[in-house]
Amino acid sequence: MALLEIIEFPDPRLRNKAATIERVDDELRALIDDMFETMYDAPGIGLAATQVNVHRRFMVIDVSEDKSEPRVFINPEILTREGKQVCQEGCLSVPGIYADVTRAERIRVRAQDRNGEAYEIDADGLLAVCIQHEMDHLDGKLFVDYLSPLKRQMVKKKLDKQRRVAAA
Ligand code: ZN
């Protein structure tokens, strides 16, 4: 297993639209293992392939406190959405920035697991937020896109400043 590099906003590679996965094989499973390791190390609760510069439709999620609920979503699709919730979100590709985003409260999702088996899951609360956030990544979308242009500009400036401090 290996830690992968997480690319950060405003890297244009975060805007790529990921391609559908035709075959779930050992190479993909190895990548999934590396993504879990990278996510837990960060630490984070979700990581989309786009964030490690792999432009294929899959993501890993674990919203538990003790790394006990690893979930793999390959070719995820949202079948139904209900309600609304506002949650403060962060992102491993936008480090140190948190902002309120409105998402569906309950969703039903269809995906494939690490063996390529199709499954469906009903999610609400944090898991539902996380799934919607990670699926956005696969479409080249970031949570800061939901902010006003002015706020997004402030996020860019703050990140630039953080990077200058880190480099100094
Ligand atoms: Zn993210």
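These numbers come from a predicted model, not from an experiment. Remember, it's 1-based here, ligands and their atoms both numbered in the order they're listed.
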Query raised in the report: More than 12 non-hydrogen atoms from neighbouring residues, nucleotides or ligands closer than 6.0 Å to CD on Glu120, yes or no?
Result: yes

Query raised in the report: Taking all non-hydrogen atoms of both residues, which atom of Met135 and which atom of Pro76 are closest, and how far apart?
Result: CE-O, 3.4 Å

Report summary line: Minimal heavy-atom distance between Arg23 and Leu28, with the atoms involved, is O-CD2, 4.4 Å

**Report entry** Side-chain donor-acceptor contact under 3.5 Å, Asp139 with His137
**Finding:** no

**Report entry** Exam field: side chain Gln51 to backbone Ile6, donor-acceptor pair closer than 3.5 Å
**Finding:** no

Report task. For salt bridge (charged side-chain N to carboxylate O under 4.0 Å, His left out), just list the numbers for Arg103 and Glu89, CA-CA rounded to whole Å, side-chain angles, deciding distance to a tenth of an Å, and then say yes or no. Result -> CA-CA 11 Å; Arg103 307 256 188 203; Glu89 296 187 20; 2.8 Å; yes

**Report entry** Neighbouring protein N, O or S atoms of the Zn ion (ligand 1) [cut-off: under 2.8 Å, no waters]
**Finding:** Cys91 SG, His133 NE2, His137 NE2

